[in-house]
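I have placed the structure first, in the form of structure tokens, so that the comments after it can refer back to it.
Because the structure is predicted, anything quoted here is derived from the model rather than measured.
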Amino acid sequence: MSTRTLPLLFINLGGEMLYILDQRLRAQNIPTDKAKKVMNDIITTMFNKKFLEELFKPQELYSKKALRTVFDRLAHASIMRLNQASMDKLYDLMTMAFKYQVLLCPRPKDILLVSFNHMDAIKDFVKDTPSILSQVDETYQQLIEMYTPLSNGEFQLIRQTLLIFFQDMHIRVSIFLKDKVQNSNGRFVLPTSGPVPRGTQIPGLIRIFSCAGEELTRLQFNNGGNYCSALQEGSFEIFGDRITKLGTNMYSVSRPVETHMSGTSKSSAQHTKVSAAPNPLAKEELNLLARLMGGLEVQKPGSTDTGFRVNLFATDEEEEEALISRPDELSYGVINIQATKDQQTNAELAKIMGEFTESGDQSSSASSKGDDLLAMMDGL
């Protein structure tokens with residue numbers, strides 16, 4: 001498992017989320033000023049300096065639930081609100097789109113080009129807001145400094161880590177089904193045609209060499225596809241042609257997008273429920289901890305917050321039906337813990353925690369992976 005995977009996962013999923021929200025804001029005729037505020041607020045939160053400093057530290061990937069919680073909070077960083085079913089659909093579309101892009105990358109290193117395509121689009125969203133634009137440019141530099149020196153083997157490890165993260169996700173997406181790049185069971189169809197990866201040759205030739213390195217014979221064979229020579233190298237700089245179209249906005253042409261649970265996903269969800277055997281007291285323990293730390297705030301979809309609601313379904317009825325039919329294992333209720341309400345309690349708790357610092361450092365760091373990031377998002 002690579003400890004450098006999290007920034008790429010976050011930025012690419014965030015880019016896909018912005019594509020989808022931009023399309024839905026336009027489809028629902030949200031006033032331009034409100035739509036722009038939503039996009040700017042989300043991008044500002046996404047590229048917050050302190051948040052990214054935490055994100056870019058070498059670390060293992062968060063669990064699926066922890067990462068989903070991060071994006072739930074990110075999506076609600078502005079005046080827009082999403083119901084649970086719409087948030088589920090948004091996350092499904094994000095994850096399946098990036099999974100498809102990772103699978104189709106000709107080389108592991110091209111995942112960085114996919115990331116730059118997302119960054120280029122995000123930059124275009126905020127091109128009229130210099131303060132946010134500078135945040136995005138700083139992230140470009142961090143990506144270039146961290147990832148361009150990596151070897152092919154390190155990129156292969158990053159790709160493998162991403163595929164392990166996505167391996168149980170088989171949500172059917174209407175765009176992919178219509179384009180015949182996804183089967184009815186939710187699995188993607190890998191092409192047997194097109195350009196080969198840069199640095200490789202078109203398959204179909206076997207060359208036999210002597211011990212001295214001299215070529216003796218050549219044998220031709222049918223490669224079973226329709227391949228062509230590799231395309232030119234994409235730009236790994238802030239500016240330039242990325243060459244690959246993976247990671248660009250597939251919602252730029254408006255068309256309805258639906259998601260469906262495939263049979264394999266439903267069965268794997270049931271399997272997860274059995275094999276994971278979650279502690280039934282976990283939520284109550286979390287609630288107790290929240291009360292000790294000063295208060296508990298549970299985020300409820302469709303609350304009376306000022307703003308507007310965005311629906312990722314064609315009608316409200318479809319949204320309600322999707323919420324009812326979705327397996328519980330694939331929906332995540334989000335609990336926000338605010339630990340700043342009772343300063344006296346916090347001071348006492350900090351004193352108690354300080355007594356356990358030396359003996360508890362190692363175990364607490366392992367068990368609270370992702371908590372720092374989530375806490376930072378609460379403060380943004």
Tell me if a side-chain donor or acceptor on [X] pairs with a main-chain N or O of [Y] at a distance below 3.5 Å.
X	Y	answer
Q182	I171	yes
R4	P58	no
T248	K245	yes
R187	S184	no
H76	L82	yes
N223	G225	yes
Y62	R68	no

- prompt: For the residue pair F98 and F166, is the inter-centroid distance of their aromatic rings smaller than 6.0 Å?
  reply: yes
- prompt: What do you reckon, are the aromatic ring centroids of Y100 and F188 less than 6.0 Å apart?
  reply: yes
Applying a strict under-4.5 Å side-chain criterion to I, L, V, M, F, W and Y, I'd like to know whether [X] and [Y] cluster together.
X	Y	value
F176	L190	yes
Y227	L231	no
L219	F221	yes
L104	I11	yes
L61	L157	no

Closest non-hydrogen atom pair between [X] and [Y], with its separation:
X	Y	answer
F47	I122	CE1-CG2, 3.6 Å
P197	P106	CG-O, 3.3 Å
L90	M17	CD2-CG, 3.9 Å
R242	S235	NH1-O, 2.8 Å
P203	V196	CD-CG1, 4.0 Å
G234	I243	CA-CG1, 3.5 Å

Chi angles and distances behind the side-chain contact (heavy atoms from CB on, under 4.5 Å) call for K64, F165: CA-CA 8 Å; K64 291 181 175 67; F165 180 83; 3.8 Å; yes
query: Which residues pass the side chain to side chain contact (heavy atoms under 4.5 Å, CB included) test with I164, sequence neighbours left out?
result: M1, Q160, Q167
query: Is any side-chain heavy atom of R159 closer than 4.5 Å to a side-chain heavy atom of Q156?
result: yes
message: In the structure I gave you, are the side-chain heavy atoms of D88 and Q84 within less than 4.5 Å of one another anywhere?
response: yes
Which atom pairs, one a donor and one an acceptor, fall under 3.5 Å between side chains of residues 111-118 and the rest of the protein, sequence neighbours left out?
from : atom 1 : to   : atom 2 : distance (Å)
S115 : OG     : N12  : ND2    : 2.8
S115 : OG     : I111 : O      : 2.9
N117 : ND2    : T244 : O      : 2.9
N117 : ND2    : L246 : O      : 2.8
H118 : ND1    : N12  : OD1    : 2.6
H118 : ND1    : V114 : O      : 3.2
H118 : NE2    : E16  : OE2    : 2.7

- request: Just grab all the salt bridge (charged side-chain N to carboxylate O under 4.0 Å, His left out) pairs involving residues 97-107, residues at least two apart or on different chains.
  value: R107-D110, R107-E233
